[in-house]
Amino acid sequence: GAGVSQSPSNKVTEKGKDVELRCDPISGHTALYWYRQSLGQGLEFLIYFQGNSAPDKSGLPSDRFSAERTGGSVSTLTIQRTQQEDSAVYLCASSTAPLAGGRVTGELFFGEGSRLTVL
Amino acid sequence: GNSVTQMEGPVTLSEEAFLTINCTYTATGYPSLFWYVQYPGEGLQLLLKATKADDKGSNKGFEATYRKETTSFHLEKGSVQVSDSAVYFCALLSNFGNEKLTFGTGTRLTIIP
């Protein structure tokens with residue numbers, strides 16, 4: 001597609017249930033990021049993929065959170081045994097390959113986010 | 001660690017007013033600096049960037065200058081429009097091999113006709 005696509009756009013779940021959030025990045029973008037946006041907070045980094053590997057997963061808040069990326073394209077963020085504090089907007093962004101010399105550009109293309117509400 | 005501090009919002013201005021949204025950062029070395037904007041109902045998008053000291057990023061009438069001596073990257077616009085109403089995020093990218101953007105908390109701007 002033309003932009004980063006995320007689904008579902010809205011998810012309401014009960015505490016303790018598992019949820020899966022999907023991100024379809026811009027075709028050809030090798031870098032993929034997940035961020036979390038909570039009310040009154042900035043964007044909190046969760047995980048970064050380059051291709052199918054995740055060189056930086058330092059932002060995942062607990063072992064209930066995991067993410068994978070397959071085929072260098074679609075990524076899924078899974079939250080197990082959801083808690084109320086997991087309620088937030090989960091944002092996915094993609095970016096082109098790193099510059100020569102290995103650095104990413106910092107120019108990210110964001111999806112509209114998946115709003116998660118845990119009751 | 002890296003951090004970005006933004007002016008607290010919300011900010012409400014009248015159309016054609018002058019806008020400044022303050023942003024300061026803490027980082028080692030020489031980060032790249034960015035402003036992202038989130039319009040209502042849309043995803044964040046890059047507004048402008050600067051990659052080294054004294055660079056000025058500009059787009060859509062907005063400007064920001066990378067000031068290393070004051071570790072700042074304030075966003076300015078001379079005459080705002082209703083269509084500029086959005087949430088603005090300042091961000092940095094470290095040059096120490098850390099591949100993630102660090103964002104500020106965002107500043108909500110509302111322009112009144």
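Within every chain, numbering begins at 1; the chains are lettered A, B, ... in the order of the sequence lines, protein sequences first and strands thereafter.
- The number of heavy atoms from other shown groups lying within 6.0 Å of NZ (B/Lys68) is above 12.
- At most 12 heavy atoms of other shown residues, nucleotides or ligands fall within 6.0 angstrom of atom CZ in B/Arg108.
- Contact annotation for A/Gln6: neither backbone nor side-chain heavy atoms come within less than 4.5 Å of a heavy atom of chain B.
- Annotation for B/Glu8: atom CD does not count as buried by contact number, only 12 or fewer foreign heavy atoms lying within 6.0 Å.
- Under a hydrophobic-cluster definition in which Ile, Leu, Val, Met, Phe, Trp and Tyr are linked whenever side-chain heavy atoms come within less than 4.5 Å, directly or via other members, A/Phe65 and A/Trp34 are assigned to the same cluster.
- Residues of residues 112-119 of chain A that come within less than 4.5 angstrom of chain B, heavy atom to heavy atom, are A/Glu112 in numerical order.
- A/Leu43 is listed as a side-chain neighbour of B/Phe89, based on a closest heavy-atom distance under 4.5 Å.
- Connection of B/Val11 to B/Val4 is established within a shared hydrophobic cluster, with ILVMFWY side chains joined at heavy-atom distances below 4.5 Å, either directly or through further cluster members.
- With values rounded to the nearest 0.5 angstrom, A/Glu44 atom CD is found 13.5 Å from B/Thr105 atom OG1.
- Environment of CD in A/Glu14: sparse, with no more than 12 heavy atoms of neighbouring residues, nucleotides or ligands closer than 6.0 Å.
- For A/Leu91, the part lying under 4.5 angstrom from a heavy atom of chain B is the side chain only.
- Transitive grouping of hydrophobic side chains (ILVMFWY, heavy atoms separated by less than 4.5 Å) keeps A/Tyr90 and B/Phe103 in distinct clusters.
- B/Tyr66 and B/Met7 fall within the same hydrophobic cluster, where Ile, Leu, Val, Met, Phe, Trp and Tyr residues are linked whenever their side-chain heavy atoms come under 4.5 Å apart, directly or through other members.
- Between the OH atom in A/Tyr48 and the NZ atom in B/Lys100 there is a gap of 11.5 Å [rounded to 0.5 Å].
- No more than 12 heavy atoms of other residues, nucleotides or ligands sit less than 6.0 Å from atom CD of B/Glu16.
- A/Leu21 and A/Ile26 are assigned to two separate hydrophobic clusters, defined by single-linkage of ILVMFWY side chains at heavy-atom distances under 4.5 Å.
- Although no hydrogens or angles enter the test, the distance criterion places a donor-acceptor pair under 3.5 Å between the side chain of A/Tyr35 and the main chain of B/Leu101.
- Among the residues in residues 34-64 of chain B, those with a non-hydrogen atom closer than 4.5 angstrom to a non-hydrogen atom of chain A are B/Phe34, B/Tyr36, B/Gln38, B/Gly41, B/Glu42, B/Gly43, B/Leu44, B/Leu46, B/Lys49.
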